[in-house]
*Asks:* 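Submitted below is the structure of interest, expressed as structure tokens.
Order of appearance sets the numbers: ligands from 1, and atoms from 1 within every ligand. Residue numbers count from 1 along this sequence.
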Amino acid sequence: MKGSNKQSKIAFGRFTRNEEAAEVNMAHPIEAAADQLTLDPENWNELRQLGHRMLDDIFNHLETLRDQPVWQPLPEQVRQAIREPLPIAAQGEEKAYQDFLHDVLPYTTGNRHPRAWGWVRGNGTPFAMLAEMLAAGINTHAAGGQQAATYVEEQVIAWFTQIMGMPAGSSGILASGGTMANLLGLAVARQAKAGFDIRREGLQGAQQPLIIYCSTETHMWARKSVEFLGLGQKSLRQIPVDENFQIDLGALKQQIQMDRAAGLRPIALIANAGTVNTGAVDDLPALAKICRHEDLWFHVDGAFGALLKLSPRYEHLVAGIEQADSLAFDLHKWMYQQFEVGCLLVRDAEAHAATFASQASYLETTTRGMLADGLSFSDRGIELSRSFKALKVWMSLKAYGATLHGQLIEQNIEQAKYLVSLIQGHPELELMTPRSMNIVCFRYRAQDVFNKELDQVNREIVLRLQESGEFVVSGTTLNGNYVIRIANTNHRSRIEDFEALAAAVVAQGRLVAAEEPVFAIEG
Ligand SMILES: *Cc1c(COP(=O)(O)O)cnc(C)c1O
């Protein structure tokens, strides 16, 4: 260990001052490096071997996913095991890993499985997992500055600017997910359209209440965000939707006029490019026009729908998205990346920076050195310390190309169409909305079950499918009816999986419908 001390002296030998300092250090009471604490392994080969074993184990796990349950409830003893007292003394890496294998690995949300279609969750990919490992290994601080991570993230943003058809030079940032990307977009909208210096005055400086528009089908991030941005729920006008779950344009225009007449200040509109419930896409070209006419910021939530731009066959479904002032989407949904990664694009780079750019003496921008050109990503969002999320996206696009990603999206849509054909071909299954993109809403329906009981029957089917470990689907309520809902952002699903799902829903439905007492109690 004294040897390694010498080595570093040789490596830095040209700096005479350091050498002197090192000599001074030698007189320090802690004389040998061996006595000093670190979290690096004492024996690199041992940890290396454990690392190789972990990699083999997780690859074996991913390779045999089909043989495992999608999901299973946590047994009480596993909960108890996780609730252990604070480890004061070291238990060792091997023990920590064994506990992971035993208490964690079997009990997850299972969205990596080929038969998981609940909510909207991607699978992750083995290669993006490896990229995440590399990002964790180098552990770079991705706020900006002179380092490759800055250029990699800028490049990923430039690629998605191109994919989405927004003008070159648009600004952007990778965020933890759709919620954060949308929130940041709305913060830019508020700053750009408030009509006063909101960074200085805050909302206390507002002469008129600021108003934002969306539809009743907009994801809950919008309400959370207006609450968080200090605008409050009352500032969010949730406009009704038509029979296709698209925002009602007439009602929107009328509401804007009423708000202006009441002395309020409309500032932004949130459009949906793929709603979470049904995959509905608002009339984006018409909304863009209304926004220009009314001087509203045009924000688009394209959490998964925006990724249709990767598909030549389906990109027309989100035509108009390129007119967004700001556009948020996830890469951990329909680009199947590991959690977490979402993206915000902002057409007006200056407006983006004007919302977040901040200075501090300890982060002085220089023309040379590591902070040269400043902390560009810290200046486009809230976070200062950031992980290198861009690496997995950059490496995945290089490894597999945009074309394959578009084809996978098309495959998911074809699979959803196939499921619809199975539903329509079965007398006990009922399609509840026209399929939109990759989302199918349906229910089990038996002749002798009353409509009000169907809600309970289908709720029960969803839970039993989850508990069986065979499928994870979710449910939602549409037009007052509970429906089984699948969102297919799964690159592992095969056509047989949807055949199995349709058969399982019918089988469970018959069982549940025959068990009337259950509903007598719950109803
Ligand atoms: C998933 C989703 C969100 C939220 O994204 P997260 O990554 O889960 O934060 C927002 N809008 C829509 C339409 C979504 O599907």
*Asks:* Could E350 and R380 be called an ion pair, given the rule that one side-chain N must be under 4.0 Å from one carboxylate O?
*Replies:*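 Between R380 and E350 there is no salt bridge, as every charged N stays at least 4.0 Å from the carboxylate O atoms.
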
*Asks:* Is a donor on one side and an acceptor on the other found under 3.5 Å between the side chain of Q424 and the backbone of L431?
*Replies:* no

*Asks:* Is the shortest distance from a Lys or Arg side-chain nitrogen in E294 or K253 to a carboxylate oxygen in the other one below 4.0 Å?
*Replies:*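 Salt bridge flag = no for K253 with E294.
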
*Asks:* Around atom 6 (P) of ligand 1, find the nearest protein heavy atom and jot down its residue, atom name and distance.
*Replies:*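 Here the closest protein heavy atom is G178 N, 3.4 Å.
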
*Asks:* Please identify which of these residues, K392, K389, R386, meets the salt bridge (charged side-chain N to carboxylate O under 4.0 Å, His left out) condition with E153.
*Replies:*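 Result for salt bridge (charged side-chain N to carboxylate O under 4.0 Å, His left out) with E153: R386.
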
*Asks:* For atom 14 (C) of ligand 1, which of the options M220, K224, R121, K333 provides the nearest non-hydrogen atom?
*Replies:* K333

*Asks:* Just by distance, no angles: are the side chains of N123 and N490 close enough, under 3.5 Å, to form a donor-acceptor pair?
*Replies:* yes

*Asks:* Is it the case that atom NE2 in H316 sees more than 12 heavy atoms from other parts of the structure closer than 6.0 Å?
*Replies:* yes

*Asks:* Does the side chain of R494 pick up a donor-acceptor pair with the side chain of Q415 at under 3.5 Å?
*Replies:* no

*Asks:* Starting from atom 12 (C) of ligand 1, what is the nearest protein heavy atom, named by residue and atom, and what distance separates them?
*Replies:*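 Result for atom 12 (C) of ligand 1: A303 CB, 3.2 Å.
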
*Asks:* If you measure from each non-hydrogen atom of F304 to ligand 1, which part falls under 4.0 Å: side chain, backbone, both or neither?
*Replies:*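 Only the side chain of F304 comes within reach of ligand 1.
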
*Asks:* Using a strict cut-off of 4.0 Å, indicate which atoms of ligand 1 neighbour a heavy atom of G274.
*Replies:* 13 (C)

*Asks:* Within a distance under 4.0 Å of any heavy atom of W221, pick out the atoms of ligand 1 and give their elements.
*Replies:*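 Per the distance check, 10 (C), 11 (N).
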
*Asks:* State whether a side-chain donor-acceptor pair under 3.5 Å links T275 with H219.
*Replies:*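 The answer is no; no qualifying pair exists.
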
*Asks:* I need the nearest protein heavy-atom contact for atom 10 (C) of ligand 1: residue, atom name and distance, please.
*Replies:* H219 CG, 3.4 Å

*Asks:* Could you pull out, from D301, T489, N277, T179, the option with a heavy atom nearest to atom 11 (N) of ligand 1?
*Replies:*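 Among D301, T489, N277, T179, the closest heavy atom to atom 11 (N) of ligand 1 comes from D301.
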
*Asks:* Is there a polar contact between ligand 1 and T275, counting only N or O atoms under 3.5 Å apart?
*Replies:* no

*Asks:* Which of the numbered atoms in ligand 1 are under 4.0 angstrom from any heavy atom belonging to G177?
*Replies:*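 With G177 as reference, the close atoms of ligand 1 come out as 7 (O).
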
*Asks:* Just heavy atoms, cut-off under 4.0 Å: does H332 contact ligand 1 by side chain, backbone, both, or neither?
*Replies:*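 Just the side chain.
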
*Asks:* Tell me, please: is G342 in heavy-atom contact with ligand 1, that is, under 4.0 Å?
*Replies:* no

